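Here is how names work: the chains are called A, B, and so on, in the same order as the sequence lines, proteins then strands, and each is numbered from 1. Quick caveat: nothing in here was measured; it's all calculated off a predicted structure.
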Number of protein chains: 2
Amino acid sequence: MRRPKITVLRRDTKQRRAILTVLRNARGPLAPREICRRAQRLTPGLGLATVYRNLRKLSESGILRAVELPTVGRRFELASVPHHHHFVCRLCDRAYCTRSCTQKLADWVPPGFVVESHEITLFGICRDCSNS
Amino acid sequence: MRRPKITVLRRDTKQRRAILTVLRNARGPLAPREICRRAQRLTPGLGLATVYRNLRKLSESGILRAVELPTVGRRFELASVPHHHHFVCRLCDRAYCTRSCTQKLADWVPPGFVVESHEITLFGICRDCSNS
DNA sequence: ATATGTGCAAACTCTTTGCATGGAG
DNA sequence: CTCCATGCAAAGAGTTTGCACATAT
């Protein structure tokens, strides 16, 4: 049983700023390893554990959102981006955001079940991979 | 870049039969650990590595399907079950199958992208957890 | 000055693999 | 009798945690 947790961010460090900058400049959700790689260009010496700690705290405090993408694993994006879903390219594993969401999913479940949120992942081949 | 693989099942062992029996009797996709736990009641001494090897081979040969459920991880179900999606209870982590799927998702992506498949996961509270 | 945040390494979980033995064909 | 499948233990990925030090407040 998972339980929610409230976290307060008490300090503004260059590591934390670098991680947020990376995600602000990303065009889709990124994996922790990739976030670390990119943030190290802004903060040399940044450790992977620090990235994980910040991703967790920033998620708990509502600034980031963890996106669990089937097959390619957990990635992170800014929580401020409006409701959307993701497309995963099966050739390059990159994730793209889709804008649409025209679902009425609440009535997919039997009486007694309550739907609180949903996640839709599309799989296929992205434009870059089609053209090569 | 992930690549498909063709596997042939050459033998019919009691371990493999136990794993299939467990999944045939399940009312939703199960995690490897849980499959092992249940199958051990049919085949005492069954090792977790054997479960993983069989889940992989049975999936590669098209008998099982791996279902990557956001937040709760990879689970397995019989591939013969017709197209459906899943509901994950955020209190007990159990996964249920949903029957409906009324999506026209192919036009959620920009030109140049090809949608080959999709996965929809609903999150909420299941009936059992509502009543307690 | 205080205690949160960081870096490193060790620990943990999930999954895969190497190797000797077992058992299906 | 042949080899694929199994069980165990070790090895790998991804993620978390303990500890001493650094630094934002």
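- One atom, CZ of B:Arg56, and another, P of D:dC4, lie 18 Å apart when rounded to the nearest Å.
- Within residues 23-47 of chain B, the residues having any heavy atom under 4.0 Å from DNA chain D are, by residue number, B:Gly45, B:Leu46, B:Gly47.
- The structure places OG of A:Ser61 at 11.5 Å from CZ of A:Arg10, a figure rounded to the nearest 0.5 Å.
- Counted within 6.0 Å of CZ on A:Arg17, heavy atoms from surrounding residues, nucleotides or ligands total more than 12; the atom is thus considered enclosed.
- Checking each of B:Val88, B:Val72, B:Asp128 against B:Arg94 for a side-chain contact (heavy atoms from CB on, under 4.5 Å) leaves exactly one that passes, namely B:Asp128.
- At the heavy-atom level, B:Lys14 lies nowhere under 4.0 Å from the strands shown.
- The end-to-end axis angle of the helix from C:dA1-D:dT25 to C:dG25-D:dC1, rounded to 10 degrees and based on five pairs per end, is 30°.
- B:Glu119 and B:His86 share no donor-acceptor pair across their side chains, judged by distance under 3.5 Å alone.
- Taking atom CG of B:Leu55 as the reference point, atom P of C:dC14 lies 14 Å away to the nearest angstrom.
- In this model, a side-chain donor or acceptor of A:Arg53 finds a partner on the base of D:dG18 within 3.5 Å.
- Across all strands shown, B:Arg16 has heavy atoms under 4.0 Å from sugar-phosphate atoms exclusively, and none from any base.
- The CG atom of B:Asp93 sits 12 Å away from the P atom of C:dC14 (whole-angstrom rounding).
- A centroid separation of 6.0 Å or more is found between the aromatic rings of A:His85 and B:His118.
- One interatomic measurement links the two molecules: CG of A:Asp12 to C1' of D:dT23, which rounds to 12 Å at whole-angstrom precision.
- Screening A:Val22, A:Ile19, A:Leu23, A:Thr21 for a side-chain contact (heavy atoms from CB on, under 4.5 Å) with A:Arg38, the sole residue that qualifies is A:Val22.
- Map B:Gln15 and A:Arg74 each onto its nearest nucleotide of DNA chain D; the residue landing nearer the 5' end is B:Gln15.
- Atom CG of B:Leu20 is separated from atom P of D:dA5 by 13 Å (rounded to the nearest Å).
- Rounded to an integer number of Å, the gap from B:Lys57 NZ to C:dT16 P is 13 Å.
- Whole-Å rounding puts the A:Ile19 CD1 to C:dT6 P distance at 7 Å.
- Distance from the side chain of A:Ala49 is smallest to C:dC8 among C:dT6, C:dC8, D:dT15.
- Atom CZ in B:Arg17 sits about 10 Å away from atom P in D:dT6, given to the nearest Å.
- Shown here are the ring-ring contact (aromatic ring centres under 6.0 Å, His included) partners of A:Phe113, two or more places apart in sequence or in another chain: B:Phe87, B:Tyr96.
- With rounding to the nearest 0.5 Å, the separation of CZ in B:Arg27 from CD in B:Glu77 is 12.5 Å.
- Taking CG of A:Asn54 as the start and NZ of A:Lys57 as the end, the distance is 8.0 Å to the nearest 0.5 Å.
- Put simply, B:Thr13 has a side-chain N or O that comes within less than 4.0 Å of OP1 or OP2 on D:dT6.
- In this model, no side-chain donor or acceptor of B:Arg10 finds a partner on the base of D:dC4 within 3.5 Å.
- In the set C:dT16, C:dG5, D:dG7, the nucleotide with an atom closest to the side chain of B:Tyr52 is C:dT16.
- Counting distance only, with no hydrogens placed and no angle test, the side-chain atoms of A:Arg11 and the base atoms of D:dT25 include no donor-acceptor pair under 3.5 Å.
- Under the 4.0 Å criterion applied to side-chain N and carboxylate O atoms, B:Glu34 and B:Arg37 are assigned as salt-bridge partners.
- The side chain of A:Thr50 places no N or O atom within less than 4.0 Å of a non-bridging phosphate oxygen (OP1 or OP2) of C:dG5.
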